[in-house]
Amino acid sequence: MNDDSPHGTRMRGVSRRRFIAGTGSLLGSAALAGQVVPAHAATATAAAVIEPGAHVPALVIGTGYGGSVAALRLAQAGVDVHMVEMGMAWDTPGPDGKIFANTTSPDHRSYWLRTRTKQPLSNFLGFPLDKDVPRHTGILDAEEMGGIIVYQGRGVGGGSLVNGGMAVTPKRENFGAVLPSVDADEMYSVHYPRANAGLGVGTVDPTWFETADCYQYARVGRKHAQRSGFPFVFVPDVYDWDYMEQEAAGTVPKSALAGEILYGNNYGKKSLQKTYLAKARATGRVSISPLHKVTSVAPATGGGFTVAISQLDTTGTTTATKTVTADRVFFAAGSVGTSKLLVGLKATGALPGLNSEVGKGWGDNGNVMCGRANHLWDPTGALQSAIPCSGIDNWAAGGAFAEVAPLPTGIETYASFYLSITKNPHRARFTWNAAAGRAELDWQTAWKQPSIDMAKTIFDKINAKEGTIYRTDLFGVYKIWGDHLTYHPLGGAVLNKATDNYGRLHGHPGLYVIDGALIPGNTSVNPFVTITALAERNIEAIIAADL
Ligand code: FAE
């Protein structure tokens, strides 16, 4: 028996270094108490790579929001957990002494197995921005799924590594359309507050906001929204706002104010590595295998599941294949990752009991981007915080909620930039292409038109009022709308359809979905708070009833 855990519990086949779990505990509590530590200090990780033949009570596929909640709560309930993550650990500084590359200077760390960057804003003032980079298991995946590019985080922390940290709870009146089978009273009284606390959500100090140079772009956004009669709202974020004020004062290393966001944030953002995962590690019951990709899950003879895993090197090459067993498996590979796995496992007969809802109900959260060209008397500022803090709410009247987003180029652009979340009704489906041996998504590029129309309910009106025009230089040559992408993939294993009302997959007791795949395509705002709160709700019920 390989019994080396601090609790004296059994972790057969999983090697672990106890002292590092202790480090995680200390740093985790510092982060949770609001003190910011550099990313590399906060994320010193356990070398706990899973061994071939290992048996684990609970195996979690992916280390994003759903996976991190599951791991923490299972561990707190006394269950040993192993997390398998296809991306890197992101705990080691690169040649420049920093873990993460800057948004303005992408390098090998920036993209998942690409030889050329695929920047969401592909052009600027007529010039293409993309450049060659060495192929590497970098942090941002721009996954091309036919009619849409789906951006996703890769690494320990999932999407929390690359996202803007905007932590938005949907308005109560919109929740019924987001998750129709879930008790809203319980979500708003228990699970949303729990998720917000666990994530470390906070809001910009409104007094500081009024004078901070780095939010001039947001104040211009507010002025234009309000002059056209739209409600302007502050949006909470998991960035450490005290740290940002110190960045502005010049007393700490800059992060949001150095333009860090899309390829990771070296200081102030409370990614999952500093919140849920730090707490999970501190239990001593959670270990993680980075650069390990789950390729198959099937019932094992004698109960539980056999899980096939490929170990990758940083060129993406498989260096080893491992088979392990688990009593329970939690799919937390993100909407796309979980959907692709489940559709493939059903079609190839590995999980024949899955129902025909698997793969259905996928949406893009109605994401669409655009820029507006301001007059010379409306500069948006050369210094822009990479962390957005505000939005324009026209959901009820026009089906659009627009984040007032930064363009942290370091120069004055006279541009206002927005990412809109819209009530796009289209839903796509993943199916298995047996000849190609891969899952495919049937999203059509033209399906973005309703999103454009909804975003126009805000920006046509603002342009008319201000006498301004759309920018045509950000997404190509003479292209107004960023309608080729999403940051917010949702659905594919929808709650109460592909699973029961708590994420238990039909047909295979012991298999669960616990990530954004459960949410049927739209959350009316940025999604990760809802993904986290739903995971909190589901894991509580699963622990109470199944374990
Ligand atoms: P996710 O966080 O994607 O985690 C899934 C993990 O599973 C990843 O680490 C994968 O590498 C891993 N994985 C996948 N397949 C496998 C496999 N086969 N084996 C092992 N590991 C695997 O899932 N949301 C907001 O609410 N606010 C924002 O401000 C915001 N900004 C964003 C900005 C960008 C650029 C992007 C890309 C996303 C943004 N999002 C934002 C979306 C948010 O990050 C996303 O909804 C969540 O991360 C999804 O959480 P999940 O737990 O579903």
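Every number for a ligand or one of its atoms is a count from 1 in the order of the listing.
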Student: Give the residue and atom name of whichever protein heavy atom lies nearest to atom 9 (O) of ligand 1, and the separation in Å to one decimal.
Tutor: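 The closest heavy atom on the protein side is Glu85 OE1, 2.7 Å.
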
Student: Check each of Gly64, Pro120, Gly67 against atom 4 (O) of ligand 1 and report the one with the nearest heavy atom.
Tutor: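 When every heavy atom of Gly64, Pro120, Gly67 is considered, Gly64 comes closest to atom 4 (O) of ligand 1.
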
Student: For atom 14 (C) of ligand 1, state which one of Ala333, Gly337, Ala517 supplies the nearest heavy atom.
Tutor: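 The residue whose heavy atom sits nearest atom 14 (C) of ligand 1 is Ala333.
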
Student: Regarding Arg172 and the six-membered ring of Tyr188, is the cationic atom NZ or CZ under 6.0 Å from the ring centre and inside 45° of its axis?
Tutor: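 Here Arg172 passes the 6.0 Å and 45° test against Tyr188.
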
Student: Can you tell which part of Leu262 has a heavy atom less than 4.0 Å from ligand 1: side chain, backbone, both or neither?
Tutor: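 Leu262 to ligand 1: side-chain contact only, backbone stays beyond 4.0 Å.
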
Student: Below 3.5 angstrom, do we get any N/O pair linking Gly66 and ligand 1?
Tutor: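 Yes.
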
Student: Ring-plane angle category for Phe209 and Tyr215, please: parallel below 30°, perpendicular beyond 60°, tilted otherwise.
Tutor: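 Phe209 vs Tyr215 ring planes: tilted.
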
Student: With only distance considered, is Gly164 within less than 3.5 Å of ligand 1 through an N or O on each side?
Tutor: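 Yes, Gly164 has an N/O under 3.5 Å of an N/O on ligand 1.
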
Student: Relative to the heavy atoms of Ile61, which atoms of ligand 1 are at a distance of less than 4.0 Å?
Tutor: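 This gives 17 (C), 19 (N), 20 (C) as the contact atoms.
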
Student: Atom 26 (O) of ligand 1: which protein heavy atom is closest, and how many Å away?
Tutor: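 Of the protein heavy atoms, Phe528 N, 2.8 Å lies nearest.
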
Student: I'd like to know whether the aromatic ring centres of Tyr65 and Tyr276 sit less than 6.0 Å apart in this structure.
Tutor: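 No, ring centres 6.0 Å or more apart.
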
Student: Which ligand 1 atoms does Gly158 reach within 4.0 Å, using its non-hydrogen atoms?
Tutor: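 Taking each heavy atom of Gly158 in turn, ligand 1 has 2 (O), 4 (O), 8 (C), 9 (O) under 4.0 Å.
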
Student: Under 4.0 Å from any heavy atom of Arg154, which atoms of ligand 1 are there?
Tutor: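 It comes down to these atoms of ligand 1: 10 (C), 11 (O), 14 (C).
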
Student: Given the ring of Phe100, does Arg109 sit roughly above its face, with NZ or CZ under 6.0 Å from the centre of the six-membered ring and within 45° of the axis?
Tutor: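 Ring-cation test returns no.
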
Student: With the threshold set at 4.0 Å, does a side-chain nitrogen-carboxylate oxygen contact exist between Glu536 and Arg73?
Tutor: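 Looking at Arg73 together with Glu536, the answer is yes, because their closest N to O distance falls below 4.0 Å.
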
Student: Give a yes-or-no answer on whether the side chains of Tyr243 and Ser255 include a donor-acceptor pair shorter than 3.5 Å.
Tutor: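 Per modelled atom types, Tyr243 and Ser255 side chains form no pair under 3.5 Å.
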
Student: Compute the shortest N/O to N/O distance between Ile531 and ligand 1 and return yes if it is under 3.5 Å, no if not.
Tutor: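 N/O-N/O distance below 3.5 Å does not exist for this pair.
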
Student: Run the contact test for Glu403 against ligand 1 with a 4.0 Å cut-off on heavy atoms, strictly below, and give the result.
Tutor: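 No.
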
Student: I need the nearest protein heavy-atom contact for atom 23 (O) of ligand 1: residue, atom name and distance, please.
Tutor: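 Here the closest protein heavy atom is Gly334 CA, 3.4 Å.
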
Student: Please walk me through it: do Phe528 and His488 pass side chain to side chain contact (heavy atoms under 4.5 Å, CB included)?
Tutor: CA-CA 9 Å; Phe528 76 61; His488 300 166; over 6 Å; no

Student: Counting each atom of ligand 1 from 1 as listed, which ones have a heavy atom of His292 under 4.0 Å away?
Tutor: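 Matching atoms, with element in brackets: 20 (C).
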
Student: Which residue owns the protein heavy atom closest to atom 50 (O) of ligand 1, what's the atom, and how far is it?
Tutor: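 Here the nearest protein heavy atom works out to Tyr65 CD1, 3.5 Å.
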
Student: For ligand 1, which part of Thr295 has a heavy atom less than 4.0 Å away: the side chain, the backbone, both, or neither?
Tutor: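 Neither; nothing of Thr295 gets under 4.0 Å from ligand 1.
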
Student: Is the shortest heavy-atom distance from the side chain of Met166 to the side chain of Pro388 under 4.5 Å?
Tutor: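 Touching, per the 4.5 Å side-chain cut-off.
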
Student: Specify the protein heavy atom at minimum distance from atom 2 (O) of ligand 1: its residue, its atom name, and the distance to 0.1 Å.
Tutor: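 Going atom by atom, the protein heavy atom closest to atom 2 (O) of ligand 1 ends up being Gly159 N, 2.9 Å.
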
Student: Please say whether more than 12 non-hydrogen atoms of neighbouring residues, nucleotides or ligands are located less than 6.0 Å from NZ in Lys293.
Tutor: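 For Lys293, atom NZ is not crowded (no more than 12 foreign heavy atoms under 6.0 Å).
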
Student: Under 4.0 Å, heavy-atom basis, I'd like to know which part of Asn163 is in contact with ligand 1: side chain, backbone, both or neither.
Tutor: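 Looking at Asn163 and ligand 1, atoms from backbone and side chain both fall under 4.0 Å.
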
Student: Flag the pair Arg328 / Phe330 as yes when at least one side-chain heavy-atom distance between them is below 4.5 Å, and no otherwise.
Tutor: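 The answer is yes, as the side chains (C-beta and beyond) meet within the 4.5 Å cut-off.
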
Student: Should the proximity of Ala332 to ligand 1, defined as any heavy atom under 4.0 Å, be assigned to the side chain, the backbone, both, or neither?
Tutor: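 For Ala332, only backbone atoms sit under 4.0 Å from ligand 1.
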
Student: Can you tell me which residue and heavy atom of the protein come closest to atom 27 (N) of ligand 1, and the distance to 0.1 Å?
Tutor: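 Of every protein heavy atom, Met166 O, 2.7 Å lies nearest to atom 27 (N) of ligand 1.
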
Student: Would you mind reporting whether Thr203 and Asp237 have side-chain heavy atoms less than 4.5 Å apart?
Tutor: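 No, too far: nothing below the 4.5 Å cut-off.
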
Student: May I ask you to decide if Val150's main-chain N or O and Gln152's side chain share a donor-acceptor pair within less than 3.5 Å?
Tutor: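 Yes, Gln152 side chain to Val150 backbone: donor-acceptor pair under 3.5 Å.
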
Student: One residue to check: His488. Relative to ligand 1, which of side chain, backbone, both or neither has a non-hydrogen atom less than 4.0 Å away?
Tutor: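 His488 to ligand 1: side-chain contact only, backbone stays beyond 4.0 Å.
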
Student: Mind checking whether Tyr217 and Phe417 have ring centres under 6.0 Å apart?
Tutor: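 Between Phe417 and Tyr217, which both carry aromatic rings, the centre distance is not below 6.0 Å.
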
Student: Any idea which protein heavy atom is nearest atom 16 (C) of ligand 1, and the distance to it?
Tutor: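 Looking only at protein heavy atoms, the one closest to atom 16 (C) of ligand 1 is Met86 SD, 3.4 Å.
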
Student: Quick test of your reading of the structure: of Leu341, Thr532, Val294, whose heavy atom lies closest to atom 19 (N) of ligand 1?
Tutor: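 Selected option, by shortest heavy-atom distance: Val294.
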
Student: Suppose we measure from atom 42 (C) of ligand 1 to each protein heavy atom; which comes out shortest, and what is that distance?
Tutor: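 The protein heavy atom lying closest is Tyr487 O, 3.4 Å.
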
Student: Within the structure provided, determine whether Lys360 and Val494 are in side-chain contact (heavy-atom separation under 4.5 Å).
Tutor: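 With C-beta onward as the side chain, the pair stays apart.
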
Student: Using a strict cut-off of 4.0 Å, indicate which atoms of ligand 1 neighbour a heavy atom of Gly155.
Tutor: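 Those qualifying, in numeric order: 9 (O).
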
Student: Tell me whether Lys497 at atom NZ has more than 12 heavy atoms from other residues, nucleotides or ligands lying less than 6.0 Å away.
Tutor: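 Check fails, neighbour count at 12 or below.
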
Student: Could you tell me whether Glu260 and Lys269 make a salt bridge, using a distance below 4.0 angstrom between a side-chain N and a carboxylate O?
Tutor: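 The answer is no: the pair does not qualify as a salt bridge.
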
Student: So if I count the atoms of ligand 1 from 1 in the order they appear, which ones are less than 4.0 Å from some heavy atom of Tyr151?
Tutor: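 Contacts of ligand 1 toward Tyr151, numbered from 1: 37 (C).
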
Student: List every atom of ligand 1 that sits less than 4.0 Å from any heavy atom of Gly516, numbering the atoms from 1 in the order shown and giving each element.
Tutor: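 Near Gly516, meaning under 4.0 Å from one of its heavy atoms, ligand 1 has 53 (O).
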
